[in-house]
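Here's the structure we're looking at; comments come further down.
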Amino acid sequence: MPALKKKGKVKGKRGKKRKTGKKKKKAKTSLPGKKIRPPGEAARLLMKAYTTVCKEKGTTAVPKIVRDLLEKMEENQAVTKFIVEPTNRFSQSDFPPVRFCDWLQAVQQVSYEHIRELCVWGVTVTDMDATELSLCMETQTGQQNLVFLTLLDVGLSNYGLHRVTRCLHLGNITSLTLGHNRFGDEGCQTLCNNLRGNTRLRRLSLDFCGLTTKSGPLLGHLIINLALQELSIAGNQLHCDGVIQLINPLVEFYESHQAHENMRKERIEELKAHQEAKEKELAAMGPLRAKMALASDAAKEEYQETDPLLIPFPPLPPLKYLNIEDNGIDMHGKGGKFAPVVCTRLVRRWLEVSSLLTEIKLTGNLIGNVASEEILAALEARKDAGLPSVKMTVTHCLAGETFKKIIKLGSGAKKKKKLAKRKGGKGKKKKKK
């Protein structure tokens with residue numbers, strides 16, 4: 001039989017070699033079926049799509065967005081912050097209106113993936129726009145990149161609010177601003193339900209949203225269960241009752257934590273003293289009796305339950321900034337003339353126990369002189385206890401001396417000034433003899 005030819009490299013007459021082996025695999029892209037685009041190319045495609053959509057629909061493209069895209073194209077970078085605002089807010093002009101849906105349509109067409117901050121200001125967001133925005137936020141890139149979301153004075157309805165906020169727990173949004181949207185207590189209930197279980201949100205602004213006393217307990221429950229650091233509800237009508245229901249759960253949590261820590265320290269000292277006494281008894285016993293005593297103690301400890309005082313307390317709510325300006329905290333509400341005193345007394349209890357608090361804004365509320373004395377006493381007690389200073393702003397319609405003392409004690413943490421060294425500067429002046 002003729003010998004079988006071996007497979008492999010075979011030389012032809014021209015000396016060419018046949019290529020063998022496996023082909024090199026191509027590098028995988030970030031998303032299956034999509035190529036990685038340079039940031040400048042993504043900006044160019046978005047600008048082209050946005051201007052085309054606006055031209056087809058007869059609307060105006062936001063000049064700042066077009067200008068930012070042109071600048072980043074030249075630098076081969078991506079635009080991460082977008083501000084959708086009207087062009088004729090402060091002047092009367094005949095330009096066509098700006099529409100949020102045009103920008104959103106352009107973003108969806110080119111699959112733009114670099115949006116980190118989105119601010120819509122004074123441009124109407126319809127229910128359909130809110131639905132499209134929520135669908136963009138639910139995508140993989142929307143969940144990863146979008147961090148700051150602002151919908152300011154956009155006429156957001158309760159349904160639109162539900163659509164936008166129902167997917168917040170999936171993404172990385174840390175700041176949410178919904179000011180000047182009059183969705184009221186019903187919208188606040190929807191928002192609190194959708195934020196349940198959210199662990200990333202740090203800042204929430206609900207200024208001038210038509211909230212009343214009913215929203216107080218809802219926001220109080222939200223503060224306790226979320227990791228919010230800043231809450232702003234200026235320009236609403238919570239009155240004294242709503243603010244009391246907002247702050248009371250927080251104060252009770254702090255006071256329970258303080259009491260638990262004090263009892264825990266006492267319990268630990270008792271256990272240490274008991275252990276020292278037991279060691280002395282064992283030292284006085286013989287070796288055989290000591291072994292028997294240790295065995296009986298170990299058998300008892302197996303059946304004993306863990307001491308509840310030794311279990312660490314749940315972490316404190318990290319709220320450090322609260323803005324309750326212009327909320328009707330005065331003597332004209334349901335609580336009568338003593339309501340501001342009760343409210344500020346609760347604020348005083350919070351100031352005396354919280355080491356995380358940095359600023360409280362009470363401007364625009366006619367709390368009165370008696371309630372202002374509570375604020376002053378809290379600031380003085382905080383200073384005596386060695387807690388960090390807090391910035392406190394109150395109305396100027398108070399007694400002169402009280403107002404001056406509050407401004408002095410509630411000025412906030414002072415920043416250390418760095419002494420800049422100047423070349424050829426004047427040195428220290430010599431004292432004349």
Is the shortest heavy-atom distance from the side chain of [X] to the side chain of [Y] under 4.5 Å?
X	Y	result
Cys209	Phe183	yes
Leu133	Val120	no
Leu357	Tyr254	no
Thr177	Trp121	no
Val53	Lys57	yes
Phe100	Leu151	no
His114	Lys72	no

Residues 242-253, side-chain donor-acceptor partners within the protein, below 3.5 Å, at least two apart:
{"residue": "Asn248", "atom": "ND2", "partner": "Glu252", "partner atom": "OE2", "Å": "3.2"}

Nearest heavy-atom pair of [X] and [Y]: which atoms, and what distance?
X	Y	value
Thr51	Lys48	OG1-O, 3.0 Å
Asn369	Ala399	OD1-N, 2.9 Å
Arg99	Thr59	NE-CG2, 3.6 Å
Glu380	Leu409	CG-CD1, 3.5 Å
Val62	Glu85	CG2-O, 3.8 Å
Ile329	Cys343	CG2-SG, 4.2 Å

List, one per line, each side-chain donor-acceptor pair under 3.5 Å for residues 219-227, sequence neighbours excluded.
{"residue": "His221", "atom": "ND1", "partner": "Asn225", "partner atom": "ND2", "Å": "3.3"}
{"residue": "His221", "atom": "NE2", "partner": "Asn225", "partner atom": "ND2", "Å": "3.1"}
{"residue": "Asn225", "atom": "ND2", "partner": "His221", "partner atom": "O", "Å": "2.7"}

Criterion side chain to side chain contact (heavy atoms under 4.5 Å, CB included) on Val154 and Val123, from CA distance to verdict: CA-CA 5 Å; Val154 297; Val123 179; 5.5 Å; no

Classify the side-chain pair [X]/[Y] by whether it contains a donor and acceptor separated by less than 3.5 Å.
X	Y	value
Asp129	Thr126	yes
Asn262	Glu266	no
Ser157	Asp127	yes
Asp241	Thr213	no

Regarding [X] and [Y], does a basic nitrogen lie under 4.0 Å from an acidic carboxylate oxygen?
X	Y	result
Arg166	Glu138	yes
Glu41	Arg44	yes
Arg348	Glu352	yes

Just verifying a value: how many Å separate [X] [atom1] and [Y] [atom2], rounded to the nearest 0.5 Å?
X	Y	atom1	atom2	answer
Leu379	Arg382	CG	CZ	8.5 Å
Asp326	Ile324	CG	CD1	11.5 Å
Asn365	Asp330	CG	CG	7.5 Å
Glu230	Asn323	CD	CG	10.0 Å
Lys64	Thr87	NZ	OG1	14.5 Å
Trp103	Cys54	CH2	SG	12.0 Å

side-chain contact (heavy atoms from CB on, under 4.5 Å) partner of Cys136, chosen from Ile115, Leu104, Leu118, Leu146: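 Of the listed options, the one satisfying the test is Leu104.
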
Intermediate values then yes/no, side chain to side chain contact (heavy atoms under 4.5 Å, CB included), Asn194 and Leu168: CA-CA 8 Å; Asn194 290 341; Leu168 291 181; over 6 Å; no

Test side chain to side chain contact (heavy atoms under 4.5 Å, CB included) applied to Leu149 and Val164, step by step: CA-CA 10 Å; Leu149 178 60; Val164 171; 3.9 Å; yes

Set of residues satisfying salt bridge (Lys or Arg N to Asp or Glu O under 4.0 Å) with respect to Lys404, sequence neighbours excluded: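 Salt bridge (Lys or Arg N to Asp or Glu O under 4.0 Å) check on Lys404 returns nothing, list empty.
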
For [Y], is there any backbone N or O sitting under 3.5 Å from a side-chain donor or acceptor partner on [X]?
X	Y	value
Asp185	Thr212	yes
His239	Gly328	yes
Thr344	Pro340	yes
Asn76	Gly40	yes
Thr358	Tyr321	no

Working for side chain to side chain contact (heavy atoms under 4.5 Å, CB included), residues Leu191 and Leu178: CA-CA 10 Å; Leu191 176 65; Leu178 300 171; 4.3 Å; yes

Aromatic contact, Tyr50 with Phe82 (centres under 6.0 Å):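 They do not qualify: ring centres at least 6.0 Å apart.
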
Over 12 non-hydrogen atoms of neighbours within 6.0 angstrom of CD in Glu255: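 Atom CD in Glu255 is packed in, count exceeds 12.
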
Tyr159 and His162 aromatic ring geometry - parallel, tilted or perpendicular at 30°/60° bounds: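 Taking Tyr159 first and then His162, their aromatic rings sit tilted (interplane angle of 30° to 60°).
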
